[in-house]
Q: 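Below is the structure I would like to discuss, written out as structure tokens.
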Amino acid sequence: MTTNPEKLDTLLSEDRAFAPSEAFKAKANFNDPGIYERAAADPEAYWAEQAQNLTWFEPFTKTLEWNPPHAKWYLNGKLNATYNLVDRHRVGERKNKAAIIWEGEPGDSKVFTYDMLGREVDKAAHMLKSLGVKKGDRVMIYLPMIPELPVAMMACAKIGAIHSVVFAGFSSASLKDRILDADAKLLITADAGWRRGNQVPLKNNADVAVEDTPIEKVLVVERIGKDSGATMQEGRDVFWHDLIKAAPSDPFPAEPMDAEDILYILYTSGTTGKPKGIVHTTGGYLVGANTSMRSVFDLKDDDIFWCSADIGWVTGHTYIVYGPLSAGATLVMYEGAPDFPDRDRFWEIIEKYGVTIFYTAPTSIRTFMKWGPQYVERHNLDSLRLMGTVGEPINPEAWMWYHEHVGHERCPIVDTWWQTETGSAMIAPLPGLVTTKPGSATRAVPGVAVDVVDENGDPVQPGAGGYLVITKPWPSMLRTIWRDDERFQKTYFGKYPSIYLPGDGAHLDEDRYLWILGRIDDVINVSGHRIGTMEVESALVDHKSVAEAAVIGRSHEIKGQAITAFVTLKEGISATDDLVTELKHHVVEKIGAMARPEEILFTAELPKTRSAKIMRRLLRDIAEGRAIGDTTTLADPSVIDMLKQQYSDKE
Ligand code: WT7
């Protein structure tokens, strides 16, 4: 396990508990405690009932078909995701309700009512069709947080095309890998994006990425305009605004999709260097996203919901686009950084739009803590009634700070554990029913069966830790890895047949509350972003001066984990500070800024077993200043003393 035992002790000493207030409970969507037992007794009936909150063109005839590890949900049901997100709200009371309140980083803003959004999406769908996009085609989307991003996703879904959004912080090399894997013909990007007042050259990155790929057309949204420095390639590149102007204004008919037709592919990191294309399907994913809005987030029609994630990650897919819109919510979408122009930007947005439900990451909360409460205190946050966190374990101090300084001890906090693969929140308190403990994601949501097991797959007793598992299928689970079903089977169902292994360690306390301890594989979590150590290692050894590299995550006060790289250089190359800078830059070029190593240590030797396997566990011990674990399998034990010495000299 990557988690250190000291951390476990602090978790276990946590005895604060916060019960839902009577007032919150009385109004909560889910306030009957019997729901847990009923859903556990018959999960299929529970999920069949939740599915009735969607609009189906044809009803499903069977709720679940489970041929482990392959699940099919809502068999023979026909629906369209975009119809559920937008069109069905364009009639009746929600027609002129604000759907998206968008705030740009420079201070510009736009509001789309459901009716306006529907018209935008229809024009975009006509535009995509005119570019040759058909049902089942993959469309890559590499956009900043501008309204065209959700519009493009929904236009794809309306046609039945599969979108694959690549976070705009990824490098051109990462974008290219994903285009090739998805085998996409169309890329949607922008001339550039805004980040802390600087331009992110998306179109330039895209130009490099599409070389030698099947991409035939690049559709370019103009976010910055003339100053962006983007150039258009004749015959290949077209402007979004030109085609939108030319698009017919009549409604675009929603393609009736089978519940099991693919809605999107989203790439995430795993234990090998190659990212995994996580496949989500239309019916089950949408039921998971929609249900959790009503249960975990207690969404009501008059809420203003703000998830501060980027749509380039699954959190944004589910809790900016598919969840809130399918539930007919008003959502806030913000383009930029939390400290632009000042460190109170988030609180300013909450006050300005009267946000009632706010969802963010522990790493952001720790950053706000470091900045100090004065920025929060500048604003009136009385509109808030519920707050959430996601992405990594939240330390009790950060939880308490959030509770006191943002929620003014009034708002329940939902710590939501889930993954790109699970599609929607799996472990989280229902805020009207569950007493929370700072640092614990509490228990599985109704209809989801979670346990903590030992090496043999036997459930652990309260008070013990082990592997987190999900023992039954759930609607929004990934169906496979795009074009690599074998990897899907091996990664998630290889250890315990028929039981899903998320790759996290967990502790079960005496009240059966779950405490997520972090990844147990070679995946690290930097500021809530999942990064494979192998990906960073491959990027490092790709540099001409590097012979070998071993990458680990070490605990970090703000980021949760930080990347430390141990690097051996080729013969005759000297270890200089300039080379450190160059290597960090090389990783950013290869993957993206989120993968930039925090520290690089040059070493003559890496600790290896006699079968030449690098012992990352020992490197973690060194970087975290712990006693070194068992070294008996090391080929050359003296390497450890040398590394320890070098590491402490550096600090
Ligand atoms: C990994 C999934 C979908 C959430 C955004 C990240 C970690 C996520 C929590 C939480 C402790 C958490 C896990 C998980 N994680 N939420 N509330 N408490 N850990 O999605 O990139 O697919 O990463 O994030 O380690 O496996 P992702």
Side-chain angles (χ1 to χ4, degrees), residues 1-3 7-8 11 165 167 169-170 265-271 275-278 280 285 288-289 292 296 307-320 322-323 359-366 387-396 398-399 402 413-429 436-445 450 452 467-470 476-478 481 491-492 500-507 513-532 535 553 555 559-561 592 594-595:
M1 287 216 201
T2 58
T3 316
K7 194 161 137 203
L8 187 59
L11 290 178
V165 179
F167 172 57
F170 273 112
I265 304 169
L266 183 60
Y267 286 86
T268 188
S269 295
T271 48
K276 304 178 276 197
I278 302 301
H280 281 294
Y285 172 77
S292 52
V296 177
C307 164
S308 73
D310 192 289
I311 293 175
W313 308 107
V314 75
T315 307
H317 276 61
T318 306
Y319 296 111
I320 299 178
Y322 289 102
Y359 190 33
T360 195
T363 188
S364 306
I365 298 168
R366 290 191 296 266
M387 311 188 302
T389 72
V390 63
E392 46 176 324
I394 181 164
N395 44 314
W399 196 102
Y402 197 30
I413 295 178
V414 288
D415 173 1
T416 62
W417 176 90
W418 58 295
Q419 310 177 290
T420 307
E421 292 88 338
T422 70
S424 60
M426 298 281 104
I427 303 175
T436 55
K437 300 184 189 183
S440 167
T442 74
R443 62 182 293 180
V445 298
V450 157
V452 182
Y467 299 96
L468 181 70
V469 291
I470 309 180
S476 64
M477 70 191 283
L478 79 164
I481 292 174
T491 308
Y492 306 108
Y500 175 83
L501 183 76
D504 279 318
H507 177 89
Y513 272 51
L514 292 155
W515 301 77
I516 310 296
L517 303 174
R519 304 290 306 187
I520 48 172
D521 50 14
D522 290 325
V523 170
I524 49 189
N525 190 325
V526 181
S527 302
H529 299 320
R530 203 206 286 200
I531 294 165
E535 285 173 71
S555 35
K559 299 177 177 178
Q561 284 189 300
M594 64 288 202

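Both ligands and their constituent atoms are indexed starting at 1 by order of listing. Owing to the predicted nature of the structure, the values given are computational and were not obtained by experimental measurement.
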Q: So Tyr513 and Trp417, ring pair (Phe, Tyr, Trp, His ring centres under 6.0 Å) or not? Walk me through it.
A: CA-CA 13 Å; Tyr513 272 51; Trp417 176 90; over 10 Å; no
Q: Which of the numbered atoms in ligand 1 are under 4.0 angstrom from any heavy atom belonging to Val314?
A: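 Listed by number with element: 3 (C).
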Q: Any nitrogen or oxygen of Thr268, side chain or backbone, less than 3.5 Å from one on ligand 1?
A: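 For ligand 1, there is no N or O atom that lies under 3.5 Å from one belonging to Thr268.
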Q: Got the closest protein heavy atom to atom 5 (C) of ligand 1, with its distance?
A: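 Protein heavy atom at minimum distance: Thr315 OG1, 3.3 Å.
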Q: Got a second to check how far Thr491's OG1 is from Tyr500's OH, nearest 0.5 Å?
A: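 OH of Tyr500 is found 9.5 Å from OG1 of Thr491.
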Q: Roughly how far, to the nearest 0.5 Å, is CG of Asp504 from CD1 of Ile520?
A: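 Reported value, rounded in 0.5 Å steps: 7.0 Å.
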Q: When you compare the side chain of Leu468 with that of Ile516, does any pair of heavy atoms fall below 4.5 Å?
A: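 In contact.
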Q: Is it the case that the side chain of Ser476 and the backbone of Thr422 share a donor-acceptor pair, with hydrogens and angles ignored and the cut-off at 3.5 Å?
A: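 Indeed, once roles are kept as given, a pair shorter than 3.5 Å links the two residues.
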Q: With a 4.0 Å heavy-atom cut-off (strictly under), which part of Ala441 contacts ligand 1: side chain, backbone, both or neither?
A: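 Near ligand 1, Ala441 shows nothing, with every heavy atom at 4.0 Å or more.
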Q: Considering only non-hydrogen protein atoms, determine which one is nearest to atom 11 (C) of ligand 1 and report residue, atom name and distance to 0.1 Å.
A: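 Checked against all protein heavy atoms, atom 11 (C) of ligand 1 sits closest to Pro393 N, 3.1 Å.
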Q: Is there at least one pair of N or O atoms, one from Asp504 and one from ligand 1, spaced under 3.5 Å apart?
A: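 Yes - when backbone and side-chain N and O of Asp504 are compared with those of ligand 1, one distance drops under 3.5 Å.
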Q: Relative to ligand 1, is Thr420 under 4.0 angstrom through side chain, backbone, both or neither, heavy atoms considered?
A: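 Near ligand 1, Thr420 shows its backbone as well as its side chain.
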Q: State, with a plain yes or no, whether a side-chain heavy atom of Glu392 is found less than 4.5 Å away from one of Thr363.
A: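 Glu392 reaches Thr363 side chain to side chain.
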Q: If hydrogens are left out, which of Arg519, Glu392, Met426 has an atom nearest to atom 18 (N) of ligand 1, that is, the closest non-hydrogen atom?
A: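 Minimum heavy-atom distance to atom 18 (N) of ligand 1 goes to Glu392.
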Q: Around atom 2 (C) of ligand 1, find the nearest protein heavy atom and jot down its residue, atom name and distance.
A: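 Here the nearest protein heavy atom works out to Trp418 O, 3.7 Å.
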Q: Please could you name the atoms of ligand 1 that Asn525 approaches to less than 4.0 Å, counting only its heavy atoms?
A: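 So the answer, numbered in order with elements, is 7 (C), 24 (O).
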Q: Does Gly391 have a heavy atom less than 4.0 Å from any atom of ligand 1?
A: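 The answer is yes: ligand 1 sits under 4.0 Å from a heavy atom of Gly391.
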Q: Just jot down the ligand 1 atoms closer than 4.0 angstrom to any heavy atom of Arg530, in number order.
A: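 In order of number, 2 (C), 21 (O), 22 (O), 23 (O), 27 (P).
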Q: Which of the atoms in ligand 1, numbered in the order shown and given with their element, are less than 4.0 Å from a heavy-atom of Val390?
A: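 That gives atoms 4 (C) of ligand 1.
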Q: Taking 4.0 angstrom as the limit and counting only heavy atoms of Asp415, give me the atoms of ligand 1 inside it, by number and element.
A: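 In order of number, 10 (C), 17 (N).
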Q: For ligand 1, which atoms, with element, lie under 4.0 Å from some heavy atom of Ile516?
A: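 Near Ile516, meaning under 4.0 Å from one of its heavy atoms, ligand 1 has 11 (C), 19 (N).
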Q: Has the side chain of Gln561 got a donor or acceptor atom that lies under 3.5 Å from a matching backbone atom of Asn525?
A: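 Yes, the answer is positive, given that a donor and an acceptor are paired below the 3.5 Å cut-off.
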Q: Apply side chain to side chain contact (heavy atoms under 4.5 Å, CB included) to residues Thr389 and Trp399 and explain how you reach the verdict.
A: CA-CA 9 Å; Thr389 72; Trp399 196 102; 5.8 Å; no
Q: Parallel, tilted or perpendicular: which describes the rings of Phe167 and His529, with under 30° parallel and over 60° perpendicular?
A: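 Tilted.
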Q: Between His280 and Tyr285, how do the two ring planes meet: parallel, tilted or perpendicular, split at 30° and 60°?
A: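 Ring orientation of His280 relative to Tyr285: tilted.
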